[in-house]
J.: 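One structure follows; several queries about it will come next.
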Amino acid sequence: NFRGELGNTVNTYLIWHYYMNAGSAVLDASFQDAVARGKSIIFGPDFSPADTVLRPSVDTGLDVAKNYWNNIVASYFDEPSMDKAGVEALINDFNNKVTARGLPLKPIAINFIESKILNGTGYQAVNIDYVGLESFIDPSLQNDPNLVNIANNKIDQQKAIIGNRPIFI
């Protein structure tokens, strides 16, 4: 809990149901805390990178999140291992669940590991609003004087592949 150290510098909380491994009460308390602190919220549903369809717990999470929907600025999914069609279907399914609750759609942000950008097609889904990329450096290069250039080249390579779309790193 770093709220004391970061409370005045962070304006948005990522409330990630998957990593909470908790029920509705804890999820609700997290939303309440973010709202009480005046924070915007990025909502991460209960979705594992290994999943290919939405879990029933996504419905439970949305039922809690709907009470805070005006504070939610985006929905976030992490590292899906599906191809373009699979990611598009996932987003459509999620958006259908949102609209079934009478809620307006929020932007969808999805992060992809480097290999999924270099060798996959999921990041090409047309209904992703923000494509995220990761760039990790081989630990054996930690003392390399060109480390920053190596990292920048990896990021630039992925950005070029993603193309002219909103990106987060």
Side-chain angles (χ1 to χ4, degrees), residues 12-24 26-28 30-31 34 39-139 150-169:
T12 304
Y13 283 177
L14 171 59
I15 298 180
W16 204 345
H17 193 197
Y18 172 68
Y19 282 105
M20 296 176 93
N21 195 21
S24 297
V26 173
L27 183 60
D28 189 65
S30 297
F31 283 124
K39 307 299 181 183
S40 296
I41 299 166
I42 297 172
F43 173 54
D46 188 10
F47 177 82
S48 164
D51 291 345
T52 56
V53 296
L54 296 177
R55 304 169 176 205
S57 54
V58 169
D59 289 306
T60 306
L62 277 170
D63 288 339
V64 175
K66 71 181 178 185
N67 298 320
Y68 307 95
W69 206 249
N70 289 337
N71 301 90
I72 293 174
V73 296
S75 297
Y76 174 79
F77 292 87
D78 192 46
E79 303 175 357
S81 41
M82 298 172 281
D83 63 9
K84 177 184 178 205
V87 172
E88 287 173 346
L90 172 86
I91 294 169
N92 289 336
D93 188 21
F94 181 76
N95 284 342
N96 288 338
K97 291 176 179 295
V98 169
T99 56
R101 286 165 174 77
L103 302 170
L105 297 179
K106 300 290 182 169
I108 300 287
I110 301 183
N111 189 51
F112 293 89
I113 59 173
E114 183 176 16
S115 65
K116 295 299 178 183
I117 301 242
L118 298 177
N119 304 309
T121 61
Y123 71 91
Q124 297 172 359
V126 297
N127 49 358
I128 299 174
D129 297 294
Y130 300 97
V131 177
L133 65 89
E134 294 181 1
S135 185
F136 294 99
I137 303 300
D138 182 333
I150 294 167
N152 285 339
N153 288 337
K154 290 168 71 78
I155 291 168
D156 289 344
Q157 178 187 23
Q158 291 181 72
K159 287 170 63 176
I161 292 169
I162 293 168
N164 189 24
R165 300 185 68 180
I167 296 174
F168 65 97
I169 300 172

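Just so you know, these numbers come straight off a predicted model, no measurement behind them. Quick note: residue numbers are just sequence positions, from 1.
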J.: Output, in order, the C-alpha distance, side-chain angles, deciding distance and verdict of side-chain contact (heavy atoms from CB on, under 4.5 Å) for Ile169 and Gln158.
T.: CA-CA 10 Å; Ile169 300 172; Gln158 291 181 72; over 6 Å; no
J.: For Phe168 and Ala109, which heavy atoms make the closest approach, and how far apart are they?
T.: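 That closest heavy-atom pairing would be CE2-CB, 3.8 Å.
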J.: Val87 versus Phe77: any side-chain heavy-atom pair under 4.5 Å?
T.: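 When only atoms from C-beta onward are counted, Phe77 and Val87 do not touch, as no gap falls below 4.5 Å.
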J.: What's the spacing between Asp83 CG and Thr52 OG1 if we round to 0.5 Å?
T.: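 The OG1 atom of Thr52 is 11.0 Å from CG of Asp83, to the nearest 0.5 Å.
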J.: Just by modelled atom types, is the Lys84 backbone N or O under 3.5 Å from a matching donor or acceptor in the Thr121 side chain?
T.: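 Side chain of Thr121 to backbone of Lys84, a donor-acceptor pair under 3.5 Å: yes, one is there.
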J.: Closer than 3.5 angstrom, by distance alone: can the side chain of Asn127 be matched with the main-chain N or O of Glu88 as a donor-acceptor pair?
T.: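 Yes, because the side chain of Asn127 sits within donor-acceptor range (under 3.5 Å) of the backbone of Glu88.
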J.: For the pair Arg101 and Asp59, find out whether any cationic side-chain nitrogen is under 4.0 Å from an anionic carboxylate oxygen.
T.: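 A salt bridge is present here (some side-chain N lies under 4.0 Å from a carboxylate O).
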J.: Around Tyr130, counting heavy atoms of other residues, nucleotides and ligands shown, do more than 12 lie under 6.0 Å from its OH?
T.: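 No, the 6.0 Å shell around OH holds no more than 12 heavy atoms from other groups.
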J.: When you look at Asn67 and Phe31, which way does the side-chain contact (heavy atoms from CB on, under 4.5 Å) test go after all the steps?
T.: CA-CA 9 Å; Asn67 298 320; Phe31 283 124; over 6 Å; no
J.: Shortest non-hydrogen contact from Ser81 to Pro49?
T.: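 Nearest heavy atoms, Ser81 then Pro49: OG-O, 3.1 Å.
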J.: From Ile117 CD1 over to Ile167 CD1, what is the distance, rounded to the nearest 0.5 angstrom?
T.: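 Ile117 CD1 to Ile167 CD1: 7.5 Å, rounded to 0.5 Å.
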J.: Which atoms form the tightest heavy-atom contact between Asn111 and Pro80, and what is the distance?
T.: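 Closest approach of Asn111 to Pro80: O-CD, 3.6 Å.
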J.: Mind running side-chain contact (heavy atoms from CB on, under 4.5 Å) on Ile110 and Tyr123 for me, showing each step along the way?
T.: CA-CA 8 Å; Ile110 301 183; Tyr123 71 91; over 6 Å; no
J.: If I take atom CD1 from residue Ile91 and atom CD1 from residue Ile108, how far apart are they, to the nearest 0.5 angstrom?
T.: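 Between Ile91 CD1 and Ile108 CD1, I get 6.0 Å after rounding to 0.5 Å.
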J.: So, do Arg165 and Ile128 sit near enough that their side-chain heavy atoms are less than 4.5 Å apart?
T.: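 When only atoms from C-beta onward are counted, Ile128 and Arg165 do touch, with a gap below 4.5 Å.
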J.: How many angstroms lie between OG in Ser40 and CG in Asn70, if you round to the nearest 0.5 Å?
T.: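 Rounded to the nearest 0.5 Å, the OG-CG separation comes out at 11.5 Å.
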J.: Measure the NZ-NZ distance between Lys66 and Lys97 for me, rounded to the nearest 0.5 Å.
T.: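 So the gap between those two atoms works out to 13.0 Å.
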J.: Which heavy atom in Thr60 sits nearest to a heavy atom in Ser24, and how many Å separate them?
T.: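 Answer, listing the atom of Thr60 first, then Ser24: CG2-OG, 3.1 Å.
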J.: Please identify each residue that fulfils salt bridge (charged side-chain N to carboxylate O under 4.0 Å, His left out) with Asp51, with sequence neighbours left out.
T.: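 Counting only residues at least two positions away or on another chain, Asp51 forms a salt bridge (charged side-chain N to carboxylate O under 4.0 Å, His left out) with Arg55.
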J.: Heavy atoms, side chains only, cut-off 4.5 Å: are Lys106 and Val98 in contact?
T.: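 Sidechains of Val98 and Lys106: no contact.
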J.: Of all heavy-atom pairs between Pro104 and Trp69, which one has the smallest distance, and what is that distance?
T.: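 Closest approach of Pro104 to Trp69: O-NE1, 2.7 Å.
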J.: Could you go through the side-chain contact (heavy atoms from CB on, under 4.5 Å) check for Asp78 and Trp16 one step at a time?
T.: CA-CA 10 Å; Asp78 192 46; Trp16 204 345; 3.2 Å; yes
J.: Can you confirm whether more than 12 heavy atoms, excluding those of Lys159, are under 6.0 Å from its NZ atom?
T.: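 Check fails, neighbour count at 12 or below.
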J.: Between the side chain of Asn96 and the main-chain N/O of Asn92, is any donor-acceptor distance below 3.5 Å?
T.: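 Here the side-chain-to-backbone pair exists.
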J.: In terms of ring plane angle, is the pair Phe43 and Phe94 parallel, tilted or perpendicular, where the classes change at 30° and 60°?
T.: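 Because their plane-to-plane angle lies in the 30° to 60° range, the rings of Phe43 and Phe94 count as tilted.
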J.: Could you note down all residue pairs passing salt bridge (Lys or Arg N to Asp or Glu O under 4.0 Å) where residues 114-130 supplies at least one of them, sequence neighbours left out?
T.: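 For residues 114-130: Glu114-Lys154.
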J.: Which atoms form the tightest heavy-atom contact between Pro107 and Val73, and what is the distance?
T.: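 Distance-wise, the nearest heavy atoms are CD-O, 3.2 Å.
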J.: CD1/Ile161 to CG/Leu133 distance, rounded to the nearest 0.5 angstrom?
T.: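 Separation between the atoms: 10.0 Å.
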